[in-house]
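All remarks here apply to the structure that follows.
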Amino acid sequence: MALVYLGLGTNIGNKRKNMVTAAALLAERAGDVLSLSSFYETEPWGFASENTFLNAALELETDCSPMELLRLTQQIEREMGRTQKSDGSYHDRIIDIDILLYGNEVVHHEDLVVPHPLMQQRLFVMQPLAEIAPSLVHPVLQKSMYDLYMDLLDGEDSEVK
């Protein structure tokens, strides 16, 4: 069994329902959901949209391999109505499920990089992750989620939502 951390995000449709549905499907198909952060309303990152996001982090205990988990999360995204995955450009989405951390593993595959390579740059990832796993240490950066979150706040000029 592996302890995995996922990022959830949605900015179209019934956002609260999208988050709850994604968490329920993950619990049903991937393993035991041990923790779900608060939902955070955030501005879009990397693209312009009039729709704000809801973001959260989820702690999951799973026996899926990293690649099996990736396939499962992508299947859930498609079933919930996601039509396109980010290809370097970002879009409005009904649900986005990112594998942030998979135990202490470092994965470099053409379809999956873990730890998520941009997580420490994204307040909408680090704030909910620091809420549910503040002392968890990033396996590459060797800093806790709380410290990575505080590093982002120290560099932030805008208000945290």
Side-chain angles (χ1 to χ4, degrees), residues 2-62 64-102 107 109 111-134 136 138 145-146 148-149 152-153 155-156 158-161:
L3 202 54
V4 177
Y5 293 86
L6 305 174
L8 306 177
T10 176
N11 78 328
I12 54 177
N14 183 331
K15 295 183 254 186
R16 288 198 176 279
K17 182 179 178 190
N18 295 345
M19 297 291 269
V20 170
T21 299
L25 289 170
L26 287 162
E28 178 183 302
R29 300 178 188 177
D32 292 329
V33 172
L34 304 178
S35 187
L36 177 62
S37 74
S38 302
F39 295 164
Y40 293 86
E41 186 175 358
T42 64
E43 294 299 319
W45 188 93
F47 74 107
S49 175
E50 57 191 42
N51 303 311
T52 59
F53 273 83
L54 275 188
N55 292 101
L58 182 143
E59 180 183 28
L60 178 74
E61 188 175 54
T62 186
C64 294
S65 71
M67 295 310 295
E68 289 169 337
L69 185 61
L70 176 65
R71 283 189 289 278
L72 187 89
T73 59
Q74 290 175 338
Q75 179 182 353
I76 290 170
E77 289 175 339
R78 284 190 302 275
E79 286 176 17
M80 289 184 63
R82 177 114 185 233
T83 56
Q84 52 187 326
K85 192 71 176 160
S86 299
D87 56 2
S89 62
Y90 299 103
H91 313 277
D92 289 326
R93 61 207 72 163
I94 196 159
I95 194 67
D96 186 33
I97 306 170
D98 288 330
I99 301 172
L100 303 174
L101 297 159
Y102 188 97
V107 177
H109 185 277
D111 296 325
L112 179 65
V113 177
V114 176
H116 190 288
L118 299 175
M119 63 183 277
Q120 69 278 1
Q121 298 172 22
R122 296 174 170 177
L123 193 57
F124 66 86
V125 171
M126 295 312 305
Q127 186 174 20
L129 195 51
E131 175 191 329
I132 64 171
L136 180 69
H138 190 290
M145 296 305 115
Y146 178 78
L148 290 170
Y149 169 57
L152 274 175
L153 286 184
E156 264 296 299
S158 61
E159 174 181 320
V160 176
K161 295 188 179 197

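In this text the structure is predicted, and so the values were computed from the model without any measurement.
Here the closest non-hydrogen pair linking Thr62 and Cys64 is OG1-N, 3.0 Å. Scanning all heavy atoms of the two residues, the minimum distance from Gly9 to Phe53 falls at C-CD2, 4.3 Å. Ser65 approaches Tyr102 most closely through the heavy-atom pair CA-OH, 3.6 Å. Minimum interatomic distance between Asp92 and Asn11 (heavy atoms only, all atoms of both residues): OD1-ND2, 2.6 Å. Across all their heavy atoms, Leu148 and Met126 have their closest contact at CB-CE, 3.6 Å. The nearest pair of heavy atoms linking Ala22 to Ile97 is CB-CD1, 4.4 Å.
The shortest side-chain heavy-atom distance between Val4 and Leu58 does not fall under the 4.5 Å cut-off. Under the 4.5 Å side-chain criterion, counting only non-hydrogen atoms from C-beta, Ile76 is in contact with Arg29. Contact of the Phe124 side chain with the Glu43 side chain is not registered, since no non-hydrogen atoms from C-beta on lie closer than 4.5 Å. Counting only heavy atoms from C-beta outward, the side chains of Arg71 and Glu68 approach each other to under 4.5 Å. In this structure, the side chains of Ile99 and Val107 stay at 4.5 Å or more apart for every pair of heavy atoms. Using a 4.5 Å heavy-atom cutoff, the side chains of Val125 and Asp98 are not in contact. In this structure, Val114 and Pro66 have side chains that are not in contact, with every pair of non-hydrogen atoms separated by 4.5 Å or more. You'll find the side chain of Leu60 stays beyond 4.5 Å of the side chain of Tyr5, heavy atoms only.
The CG atom of Leu129 lies 11.0 Å from the CD atom of Gln120; values are rounded to the nearest 0.5 Å. Interatomic distance, Asn55 CG to Met19 CE, rounded to the nearest 0.5 Å: 6.0 Å. Rounding to the nearest 0.5 Å places OG1 of Thr21 at 11.0 Å from CD of Glu28. With rounding to the nearest 0.5 Å, the separation of CG in Leu34 from CD in Glu61 is 5.5 Å. In this structure, CG in Leu8 is found 6.5 Å from CG in Leu26, a value given to the nearest 0.5 Å. Between the OG1 atom of Thr10 and the CG atom of Asp96 there is a distance of 9.5 Å, given to the nearest 0.5 Å.
Counting only distance, with no hydrogens or angles, the side chain of Asn18 and the backbone of Ile95 share no donor-acceptor pair below 3.5 Å.
Side-chain contact of Lys15 with Thr52: a donor-acceptor pair under 3.5 Å is present, judged by distance alone. Checked by atom type, the side-chain pair Gln127/Glu131 shows no donor-acceptor distance below 3.5 Å.
Summarising the local packing, CD of Glu50 is surrounded by 12 or fewer heavy atoms from other residues, nucleotides or ligands at distances under 6.0 Å. Around the OH atom of Tyr146, the shell of radius 6.0 Å holds no more than 12 heavy atoms that belong to other residues, nucleotides or ligands.
Remark: of the listed residues Met80, Glu77, Gln75, Met80 is the sole one forming a side-chain contact (heavy atoms from CB on, under 4.5 Å) with Leu25.
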